[in-house]
> 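Structure below; questions to follow.
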Amino acid sequence: MLTINNIKENKNQYVKLLKIKKFDAEHLFDKLIDLDDQRKVIQKSKEDLQSQSKKISEKIGSIYKSGNIDKAEFFKNESINIKEKTKKLQKKSLSIEKEIFDILIQIPNVPHNSVPFGDSDKENVIIKDVAQMPETSENLKAHWDLAKIYNLIDFEIGNKIAGTGFPLYVNKGAKLQRALISYFIDKNIEAGYTEYLPPYLVNEESAFGTGNFPDKEGQMYHVNKDDLFLIPTAEVPITNIFRNKIVKNLPIKCTAYSPCFRREAGSYGKNVRGLNRLHQFEKVEIVQIQYPEKSYETLHEMVNHVSSILDDLKLPYRVIQLCGGDLSFTSALTYDFEVFSVAQNKWLEVSSVSNFEAYQSNRLKLRYKDINEKNKLCHTLNGSALALPRVYAAILEINQTKNGIKVPKVLQKYTGFDMIS
RNA sequence: GGAGAGAUGGCAGAGUGGUCGAAUGCGGUGGUCUUGAAAACCAUUGUGCAGCAAUGUACCGGGGGUUCGAAUCCCUCUCUCUCCGCCA
């Protein structure tokens with residue numbers, strides 16, 4: 001969430017920028033500033049009273065020591081009076097703070113000023129496109145057919161075991177999945193990321209830290225009995241490693257494989273066919289924590305890194321900058337990566353690389369010391385490198401031949417085979 | 001799941017009602033010494049909020065209570081550890 005001080009300092013600019021996200025902030029900002037001013041006045045008088053009360057208690061202490069106990073009664077009463085007043089102010093102050101917090105968590109992150117206006121994904125801007133569109137043909141089989149022909153994925157049994165959206169990978173199909181995971185992680189480590197294997201369930205505090213709770217609560221599976229959430233992405237546990245920390249030597253670069261669990265309530269039809277949209281899928285995530293002045297440099301480094309993975313896999317892809325209407329609640333700037341599905345003849349999102357600036361850090365209380373030794377909020381960034389299912393689908397479709405499916409070269413040392421037939 | 005113990009600053013660990021934001025050790029930072037390093041010695045070293053600052057105030061797992069005064073007493077919740085049971 002945003003900080004009150006930043007809102008105060010940059011009110012007009014923020015109002016303007018938030019319009020890109022179709023968010024009208026002016027009224028809320030005014031209210032916040034007013035509440036905060038009230039808070040300060042109350043806090044001041046509360047602290048003055050507390051200070052008095054403290055001094056009186058000290059006095060009583062020394063009176064007791066000198067043995068003059070009767071004399072203490074007067075001060076005791078005085079202290080009781082002060083305390084009553086303090087309590088009232090305390091109560092008021094807490095209720096104002098709550099009010100401020102409740103408003104703050106409703107306000108999305110301010111988009112970067114380069115974010116284009118737009119209502120939906122139609123207005124997203126293509127930053128990098130394929131040099132030449134790959135050929136599509138009626139004869140090409142979709143990945144769900146290929147998966148069946150070569151016995152790589154059994155959707156029906158997954159359905160039987162858990163439900164729709166929970167595929168069962170089989171034999172070489174499972175191995176290919178595992179190869180992709182290993183390859184991605186190794187590639188990330190090579191780029192300087194430290195590998196983690198995180199918990200797949202998180203508590204509410206962690207879910208709050210990354211902005212998944214309460215904003216996207218409905219998207220997460222919730223284990224009622226133990227009050228835990230299944231992670232929708234490794235970003236949640238990984239970023240929370242640094243919750244409540246004052247870190248140094250930035251950037252911190254982390255990578256983690258995890259399954260991701262998403263309820264995807266309301267999704268249906270063609271979009272959910274095969275591997276297109278799942279309740280459980282595999283993903284390798286990258287997270288960076290960076291100094292604010294360097295975070296956009298880092299964002300582009302991450303974009304280049306993800307590009308290099310897709311280059312390695314020889315998949316046709318494009319990079320898109322999300323417009324305001326498509327940008328997530330917590331993100332300031334996001335680039336999406338899409339690979340082309342030659343059989344479905346459409347683009348599939350396989351990665352999303354975002355700079356959250358200080359939005360998550362403020363929730364996480366993740367800070368660094370600046371040159372003046374003052375604690376400042378870090379910037380957090382993350383991206384998929386990569387989400388598996390659609391990459392998997394694209395690989396099957398584009399590498400299909402009469403004799404089987406060719407395994408991309410970079411994966412062969414992980415699969416141990418170069419052909420699926 | 002049953003029984004017991006515990007939760008204090010980056011870590012370890014004192015502190016059972018009054019000047020305790022908290023001893024001490026380790027670690028960190030700065031310095032002296034040294035060709036350099038180590039060692040030794042000296043100094044410094046928690047966080048939030050308010051304030052230009054001086055400073056004020058809050059925080060010893062969370063919440064509530066007793067008291068003029070709570071890290072210290074009481075209640076409650078959460079978590080951790082040990083033993084037993086179960087188990088990959």
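Below, read A as the first sequence line, B as the second, and so on, with proteins coming before strands; counting in each chain starts at 1.
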> If you measure from the Lys or Arg side-chain nitrogens to the Asp or Glu carboxylate oxygens, is any gap between A/Asp48 and A/Lys85 under 4.0 Å?
no
> Taking any strand in view, what nucleotide pairs with B/rU55 in a Watson-Crick or G-U wobble way, both distances under 3.5 Å?
B/rA50
> Roughly how far apart, to the nearest Å, are B/rG6 and B/rG61 at atom P?
14 Å
> Under 3.5 Å, which donor-acceptor pairs link side chains of residues 89-111 of chain A to any protein atom two or more places apart or in another chain?
{"unit_1": "A/Gln90", "atom_1": "OE1", "unit_2": "A/Lys46", "atom_2": "NZ", "d": "2.9"}
{"unit_1": "A/Ser93", "atom_1": "OG", "unit_2": "A/Glu97", "atom_2": "OE2", "d": "3.4"}
{"unit_1": "A/Ser95", "atom_1": "OG", "unit_2": "A/Lys92", "atom_2": "O", "d": "3.2"}
{"unit_1": "A/Lys98", "atom_1": "NZ", "unit_2": "A/Asp102", "atom_2": "OD2", "d": "2.7"}
{"unit_1": "A/Gln106", "atom_1": "NE2", "unit_2": "A/Asp102", "atom_2": "O", "d": "3.1"}
{"unit_1": "A/Asn109", "atom_1": "ND2", "unit_2": "A/Thr330", "atom_2": "O", "d": "2.9"}
{"unit_1": "A/Asn109", "atom_1": "ND2", "unit_2": "A/Phe356", "atom_2": "O", "d": "3.1"}

> Expressed as a whole number of Å, how far does the C1' atom of B/rC42 sit from that of B/rU47?
27 Å
> Under 30°, 30 to 60°, or over 60°: which ring-plane class applies to A/Tyr257 and A/Tyr200, parallel, tilted or perpendicular?
perpendicular
> Show me the pairs that pass ring pair (Phe, Tyr, Trp, His ring centres under 6.0 Å) and involve residues 375-400 of chain A, at least two apart or across chains.
A/Tyr169-A/Tyr392
> Applying the Watson-Crick and G-U wobble criteria at under 3.5 Å, what pairs with B/rC68? Answer none if nothing qualifies.
B/rG18
> Distances under 3.5 Å between protein N/O atoms and the N/O atoms of nucleotides 86-88 of chain B, please, pair by pair.
none

> A/Lys374 NZ to B/rG46 P: how many Å, rounded?
16 Å
> Under a 3.5 Å limit for both distances, which nucleotide forms a Watson-Crick or G-U wobble pair with B/rC41, could you say?
B/rG31
> Expressed in whole Å, how much space separates the C1' atoms belonging to B/rA88 and B/rC20?
48 Å
> In terms of ring plane angle, is the pair A/Tyr368 and A/Tyr291 parallel, tilted or perpendicular, where the classes change at 30° and 60°?
perpendicular
> Would you kindly say whether A/Asn151 and A/Lys148 are connected by a side-chain donor-acceptor distance under 3.5 Å?
no
> Restricting to pairs with a member in residues 103-120 of chain A, which pass salt bridge (Lys or Arg N to Asp or Glu O under 4.0 Å), not counting sequence neighbours?
A/Lys22-A/Asp119
> Counting primed atoms plus P, OP1 and OP2 as sugar-phosphate and everything else as base, spell out the protein contacts along nucleotides 61-71 of chain B at 4.0 Å heavy-atom distance: B, S or - for each nucleotide, 5' to 3'.
------BBS--
> For B/rA7, which nucleotide in any strand shown is its Watson-Crick or wobble partner with both distances under 3.5 Å?
B/rU78
> For residues 239-256 of chain A, pull every pair meeting salt bridge (Lys or Arg N to Asp or Glu O under 4.0 Å), keeping only residues two or more places apart or in separate chains.
A/Glu205-A/Arg243, A/Lys253-A/Glu301
> Measuring only the C1' atom in each nucleotide, how far is B/rG18 from B/rU67? A whole number of Å is fine.
12 Å
> Could you check how far CD of A/Glu204 sits from P of B/rC79, rounded to whole Å?
13 Å
> Please name all residues satisfying salt bridge (Lys or Arg N to Asp or Glu O under 4.0 Å) with A/Glu285, sequence neighbours left out, ordered by chain then number.
A/Lys283
> Find the partner of B/rA12: check Watson-Crick (N1-N3 plus N6-O4 or O6-N4) and G-U wobble (N1-O2, O6-N3) distances, both under 3.5 Å, and reply none if neither fits.
B/rU24
> Output all residues satisfying side chain to side chain donor-acceptor pair (under 3.5 Å) with A/Lys16, sequence neighbours left out; order by chain, then residue number.
none
> Relative to the ring of A/His305, is the ring of A/Tyr193 parallel (under 30°), tilted (30 to 60°) or perpendicular (over 60°)?
tilted
> With ring pair (Phe, Tyr, Trp, His ring centres under 6.0 Å) as the rule and sequence neighbours excluded, what pairs involving residues 227-255 of chain A come up?
A/Phe213-A/Phe229, A/His222-A/Phe229
> Sugar-phosphate means primed atoms, P, OP1 and OP2; the rest is base. With that split, encode nucleotides 47-58 of chain B 5' to 3' as B, S or - using protein heavy atoms under 4.0 Å.
SSBSS----BSS
> Is there a Watson-Crick or G-U wobble partner for B/rC87 with both distances under 3.5 Å, and if so, which one is it?
none
> Using a 4.0 Å heavy-atom cut-off, write out nucleotides 26-31 of chain B from 5' to 3' as B (base contacted by protein), S (sugar-phosphate only) or - (no contact).
--S---
> Distance check, rounded to the nearest 0.5 Å: A/Asp418 atom CG versus A/Thr415 atom OG1?
7.5 Å
> For A/Asp370, enumerate each residue passing the side chain to side chain donor-acceptor pair (under 3.5 Å) test, keeping only those at least two apart in sequence or located in another chain.
A/Lys376
